[in-house]
Amino acid sequence: MQKLFLFILFFPVTATAGAQVKRIYGYVQDINAGARLDILHEKESNIEKNISFGTKRYFLFTEVKKGSPISFEQVWIEGGLYTFKSDTIKKIPFVLQSSNGGEMIFRDTLVKSSTDFIIQLKDLVKTENTIVPEYLKKTITENNIVITFKCKNKLLFIPLQKAVNLSPIFAQ
C-alpha cells in the first residue's frame with residue numbers, strides 16, 4: 001500500500017515534467033555532390049562497397065508548452081552526439097525553400113502551426129569519441145533522434161523514431 005501511495009504521489013510530477021516538450025519535428029535532407037554512385041565494383045577483389053559522396057543536414061524543432069522553463073542538454077542523431085544552438089521560431093509556418101541550382105524550387109513546410117513555443121535546434125555539429133550514457137543506450141539504438149533536456153532539475157529525454165526525408169539537393 002505504501003509503494004502504491006508513493007507511485008501515485010510521484011507519477012504526476014514525472015508525467016507533467018516530461019509533457020513540457022510536446023513534440024519533436026525531425027527532418028533530414030541529403031546533399032549530394034554531383035551524380036550519385038551507389039555501388040562501386042572492385043574487379044581485383046570482387047568486393048562491393050557502398051559509396052556516398054554526400055552529406056546530410058538535419059532540421060530539428062521542438063514544441064514546448066508556454067510557461068515551461070526547460071534547457072536542452074544533448075542531441076543524439078543516428079547514435080552520434082551533436083552540439084547545437086537553440087532559437088525560438090517567431091514566424092509559423094516554418095517553410096524551407098531549397099533548389100538544385102536550376103529553376104525548380106522545393107518548398108517543404110516543416111512546422112505548420114502551433115499555439116506553443118517552437119524551438120529550433122540548429123547549427124548541428126557531430127562530436128567525436130562520445131560515450132553513450134547507460135540509461136540512453138537502448139533508446140538511442142531504437143530511435144533515429146533523441147533529445148535530452150532539463151525541466152524542474154530533472155534530466156529527461158524525448159525520442160523520435162525516424163526523421164522525415166526532404167527533397168535531396170544535388171550540389172554542382
*Measuring from E63:CD to S113:OG, what's the distance to the nearest 0.5 Å?*
8.5 Å
_Evaluation steps, side-chain contact (heavy atoms from CB on, under 4.5 Å), between V28 and N144_ = CA-CA 11 Å; V28 61; N144 190 240; 5.9 Å; no
*E73 side chain to S71 side chain, donor-acceptor N/O pair below 3.5 angstrom*: yes
_Connected via hydrophobic side-chain network under 4.5 Å: Y82 and L136_ = no
*So, do V146 and V75 sit near enough that their side-chain heavy atoms are less than 4.5 Å apart?*
no
*With no hydrogens and no angle check, is any side-chain donor or acceptor of T127 less than 3.5 Å from a backbone partner on L81?*
yes
*For F84 and D123, what are the C-alpha separation, side-chain angles and deciding distance, and is it a side-chain contact (heavy atoms from CB on, under 4.5 Å)?*
CA-CA 5 Å; F84 62 94; D123 298 337; over 6 Å; no
*asked:* Please find the pair of heavy atoms, one from S114 and one from D116, that lie closest to each other, and give the distance.
replied: OG-N, 3.0 Å
*According to a 4.5 Å side-chain heavy-atom criterion applied to Ile, Leu, Val, Met, Phe, Trp and Tyr, with indirect links allowed, do I119 and Y27 form part of one hydrophobic cluster?*
no
*Give a yes or no on whether the backbone of S167 and the side-chain of Q29 come within a donor-acceptor separation of less than 3.5 Å.*
yes
*Identify the heavy atoms of V132 and G79 that sit nearest to each other, and give their distance.*
CG2-O, 4.5 Å
_Spacing of D108 atom CG and L96 atom CG [to the nearest 0.5 Å]_ = 6.0 Å
_Pair listing, salt bridge (charged side-chain N to carboxylate O under 4.0 Å, His left out) test, anchored in residues 86-99, at least two apart_ = D87-K122
*When clusters are formed by joining ILVMFWY residues with side-chain heavy atoms under 4.5 Å apart, either directly or through shared neighbours, do I92 and L110 land in the same one?*
yes
*In Å, rounded to the nearest 0.5 Å, how long is the span from OG1 of T62 to CD1 of I158?*
8.5 Å
*Would Y25 and Q120 count as a side chain to side chain donor-acceptor pair (under 3.5 Å) if you check the C-alpha gap in whole Å, the side-chain angles of each, and the deciding distance to 0.1 Å?*
CA-CA 9 Å; Y25 301 86; Q120 182 180 14; over 6 Å; no
_Could you report the tightest heavy-atom contact between F117 and G67, atom names first, then the distance?_
CE1-N, 4.0 Å
*Exercise: identify the closest heavy-atom pair between K112 and P93*: O-CB, 3.3 Å
_If I compare all heavy atoms of K56 with all of D30, which pair ends up nearest, and what's the gap?_
CG-OD1, 3.3 Å
_Can you tell me how the ring of Y135 sits relative to the ring of F157, calling it parallel under 30°, perpendicular over 60° and tilted otherwise?_
tilted
*Following the transitive rule for hydrophobic clusters with a side-chain heavy-atom cut-off under 4.5 Å over Ile, Leu, Val, Met, Phe, Trp and Tyr, establish whether W76 and L156 coincide in one cluster.*
no
*Can you find a pair of side-chain heavy atoms, one from E78 and one from Y58, that are under 4.5 Å apart?*
yes
*Taking atom CD1 of I118 and atom OG1 of T115, what is their separation to the nearest 0.5 Å?*
9.0 Å
*Find the distance between NZ (K85) and CG (L121) and round it off to the nearest 0.5 Å.*
13.0 Å
_Over 12 foreign heavy atoms within 6.0 Å of CD, E142_ = yes
*asked:* How long is the straight-line distance from CD1 of I140 back to CD1 of I145, given to the nearest 0.5 Å?
replied: 12.0 Å
*Do L160 and N143 have side chains that get closer than 4.5 Å, going by heavy atoms?*
no
*Can you check whether T83 reaches L124 side chain to side chain, under 4.5 Å on heavy atoms?*
no
*asked:* Using the rule that Ile, Leu, Val, Met, Phe, Trp and Tyr join whenever any side-chain heavy atoms are under 4.5 Å apart, tell me whether F59 and I147 fall into a single cluster.
replied: no
*Sidechain-backbone polar pair: T148 side chain, Q74 backbone, donor-acceptor under 3.5 Å*: yes
